[in-house]
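What follows is a single structure, written as structure tokens, with notes after it.
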There are 2 protein chains.
Amino acid sequence: MANLQDVARLANVSKTTVSRYLNGSLDLPKRTADAIDTAIEELNYVPNAQARRLSLGRSETIALMVPDISTPFFSTFVASVEAEADRRNLSLSLHATLNRREREISYLDHIRQGRADGLIFITNHAGDATLSEKINTAGPCVVVDEDVAATHVPKLFCDNDAGGYLAGRHLALNGHRHLLFVGGVDEMISGERRHKGFLRGLREVADTDLRVERISGPYTVEAGREAARKFISRSDDRPTAIFATSDELLIGLYEVLGETGMSVPRDVSVVGFDDVSPLHLFAPAVTAVRQPVRELGKRALELLLDFKPDADSTLPHEELLPVTLIERDSVAPPIRNA
Amino acid sequence: MANLQDVARLANVSKTTVSRYLNGSLDLPKRTADAIDTAIEELNYVPNAQARRLSLGRSETIALMVPDISTPFFSTFVASVEAEADRRNLSLSLHATLNRREREISYLDHIRQGRADGLIFITNHAGDATLSEKINTAGPCVVVDEDVAATHVPKLFCDNDAGGYLAGRHLALNGHRHLLFVGGVDEMISGERRHKGFLRGLREVADTDLRVERISGPYTVEAGREAARKFISRSDDRPTAIFATSDELLIGLYEVLGETGMSVPRDVSVVGFDDVSPLHLFAPAVTAVRQPVRELGKRALELLLDFKPDADSTLPHEELLPVTLIERDSVAPPIRNA
DNA sequence: AGCGCAAAGTAAACCGGTTCAGTAAATCGG
DNA sequence: CCGATTTACTGAACCGGTTTACTTTGCGCT
């Protein structure tokens, strides 16, 4: 493989000249420029990215850390970050943590190691002191989708509270007073906010007679199944509507509901959250709160690269992206007989 | 940031010693080793990956090029490659080509640039001479899922022919004789193989009276919609079964079938391909040929890193992974009235 | 006492770029 | 025709590791 030196020799100039010419920091008369171009052509020269990066002190790479890549929400998110990174001529280094803390912590070192210039970080467990300490000292980093307590980095979330509110209001307007909220382990701020918004939405419509139950758990298909089983095992006084706060929870819920012959929305109304999976094709099509996932990815990279913190602000920058309710066929008024 | 030199100074040894100690190419007496460990601890030293890579002449990174990251098939594939890469302590550099040839070609340079040690490449258009030339000279590379003609690199596909066969046989056994095959643009080998296998499966069961139509197109939701519209616009003598050869095609098909009130499988039977999306929740649950996507990703990286070509073999190595038919509710015998 | 060998390191070249601080020659103004 | 400026370039240091080939010291053995 030819290197800068080889090109310089063939073009009868110095390394410096070729380097500066290629980087545009030197104007050359046409003859010299041509000689260099010819030499590059002839030797089939391609600059070595590793050398360039070492010299420049940056990797031209940003790292993306997500719990899992294969779920629609995260894969769509990754896709939108990649698109924006590509637009800026940055490479994307992708890492799945599978929610394992030691991975999260070790990947955070990638910035210090010079493997990445910055990091976009999504985690599903948000309370760890070691983790937040590490995030605060790792280097350029933004936290997305789920908060990590005690971190002083820019943050970007969907408006979880508004999402909960929309779902709650919609179900209350449809006459539901006894509801089941599924999702969110205690430490996850997204779950808390969705829950709070949900209650607010319900109360705005129906201030009395409300009964809201909750099954907490991770945003997984299996947790959805489990919640559904628990729901079904109760023979009487069941809630008339369920708010499943992620696509995965909803999928698990639908699976079990379907298997056991429960009919949506006749026997129970359902509202989902995320709306990245093809919920419009499910039976019945699912009414859900839609997250602006693509917007989230694009904005995350913008925040990472362009954001300059206010000197006077002591609080970390936090940004909320709006959500919308997509009405489909999984919500109906409850049957009055109980 | 502390570097090797700083550590060496503090531990009263030379750079060489520290480097060799850290890389295990030097056994040191406990006192010296401790001194180095202490210095590293004290200075909070982390080796610089860029420098290491330049020196080593490899990037410890492999590049993954797919048409799109957000579809379930590719995102699952990416996830499985990432898992295997992580197991081997390699970084993964992710690139979406959006099927644009100039991107595919420019990303292939990443190997020569030293940005990646090898490349896993999936494309959806397979006939280009510039592209195959570039692939042949780019460096370590494997071609996955869809063939690129005239390339001499290891190749890994699902058994598309067997997949077509399973679908054809299943539909024929259910009594279908007039069928519609949807998918595959001309240059795509996967489509051809699925089609060929489809015919073989049909003929094995029913040698006469077979009528097989075909609508070609890319593996997209929109192409699925379009095929469905075309299908529906024919008022009589419609095929009684449709083989939609990707999840996306199937989704588009189901959307339009649903909107226009066609009932599956009463009015038309449907078999899908991929089975990565939650087809079991669709209405009705979709019978489909399942691709072993995770296996595909894992094996792709193995091939890239471990495969040593036979010196005597002139043909490129080609590997086929088995597929299975998942029977659900979208296939029934045709109604006999036409 | 002296040879041989193992133990414990090390100096310096190298990977392939970028960049600071110049230099030599050509051109220009007066 | 001389000094000043501009043009066209360059030597060498630097980024931070890895590695080859080599030195020094100390010990056991005869």
Side-chain angles (χ1 to χ4, degrees), chain A residues 1-37 39-40 43-61 89 91 109-117 139, chain B residues 1-37 39-40 43-61 89 91 109-117 139:
Chain A
M1 283 281 308
N3 61 22
L4 248 203
Q5 187 67 262
D6 300 331
V7 172
R9 206 162 13 232
L10 191 59
N12 266 311
V13 291
S14 72
K15 262 172 71 171
T16 310
T17 303
V18 180
S19 174
R20 297 190 54 194
Y21 169 62
L22 290 178
N23 291 308
S25 74
L26 186 61
D27 281 329
L28 289 179
K30 189 154 184 333
R31 295 198 52 212
T32 316
D34 285 350
I36 294 177
D37 290 338
I40 287 173
L43 297 170
N44 200 5
Y45 168 77
V46 176
N48 180 303
Q50 241 56 60
R52 187 183 149 77
R53 289 168 175 182
L54 172 60
S55 192
L56 252 26
R58 46 184 150 88
S59 60
E60 298 164 300
T61 297
N89 282 314
S91 284
D109 267 334
H110 283 199
I111 298 179
R112 294 196 57 221
Q113 290 169 189
R115 296 165 66 146
D117 299 335
Chain B
M1 283 281 306
N3 62 19
L4 250 203
Q5 187 66 261
D6 300 331
V7 173
R9 207 163 10 231
L10 192 56
N12 265 312
V13 291
S14 73
K15 260 173 72 172
T16 311
T17 303
V18 180
S19 173
R20 295 189 56 193
Y21 169 64
L22 290 178
N23 291 308
S25 75
L26 187 61
D27 281 329
L28 289 179
K30 187 151 186 338
R31 294 198 53 211
T32 317
D34 285 351
I36 295 178
D37 291 337
I40 287 174
L43 296 171
N44 200 3
Y45 168 75
V46 175
N48 179 303
Q50 241 56 62
R52 187 182 149 78
R53 289 168 176 182
L54 172 60
S55 190
L56 252 26
R58 46 186 150 85
S59 59
E60 299 164 300
T61 298
N89 281 313
S91 283
D109 268 334
H110 283 198
I111 298 180
R112 294 195 56 222
Q113 289 169 189
R115 296 166 65 147
D117 300 334

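In the text below, chain A, chain B and the rest are named by the order of the sequence lines, each starting its count at 1. Below, all heavy atoms of this structure are taken into account, side chains as well, without hydrogens, waters or symmetry copies.
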Tell me, do A:His110 and A:Thr61 make a side-chain contact under 4.5 Å, heavy atoms counted?
no

Whole-Å gap separating P (D:dT7) and CZ (A:Arg31)
19 Å

Could you check if a side-chain atom of A:Leu22 sits within less than 4.5 angstrom of a side-chain atom of A:Ile40, using non-hydrogen atoms only?
yes

Quick check on D:dG17: is either OP1 or OP2 less than 4.0 Å from any side-chain nitrogen or oxygen of B:Tyr45?
yes

Would you mind building the protein contact string for nucleotides 9-14 of chain D? One character per nucleotide, 5' to 3', B for base within reach (heavy atoms under 4.0 Å), S for sugar-phosphate only, - for untouched.
BBBB--

Do A:Arg53 and A:Ser59 have a side chain donor and acceptor closer than 3.5 Å?
no

Start and end of the DNA chain C segment that chain A contacts, any atom under 4.0 Å from a heavy atom
C:dG16 to C:dA21

What does B:Leu54 touch in the nucleic acid at a heavy-atom separation under 4.0 angstrom: a base, only the sugar-phosphate, or nothing?
base

Heavy-atom distance under 4.5 Å between the side chains of A:Asp37 and A:Tyr21, does that happen here?
yes

Heavy-atom pair with the smallest gap, counting every atom of A:Val18 and A:Ala8:
CG2-CA, 3.8 Å

If you define the side chain from C-beta out and look only at heavy atoms, does anything of B:Thr17 sit under 4.5 Å from B:Leu26?
yes

Greater than 12 external heavy atoms within 6.0 Å of B:Asp27's CG:
no

Do B:Thr16 and B:Ser19 make a side-chain contact, defined as non-hydrogen atoms from C-beta onward lying under 4.5 Å apart?
no

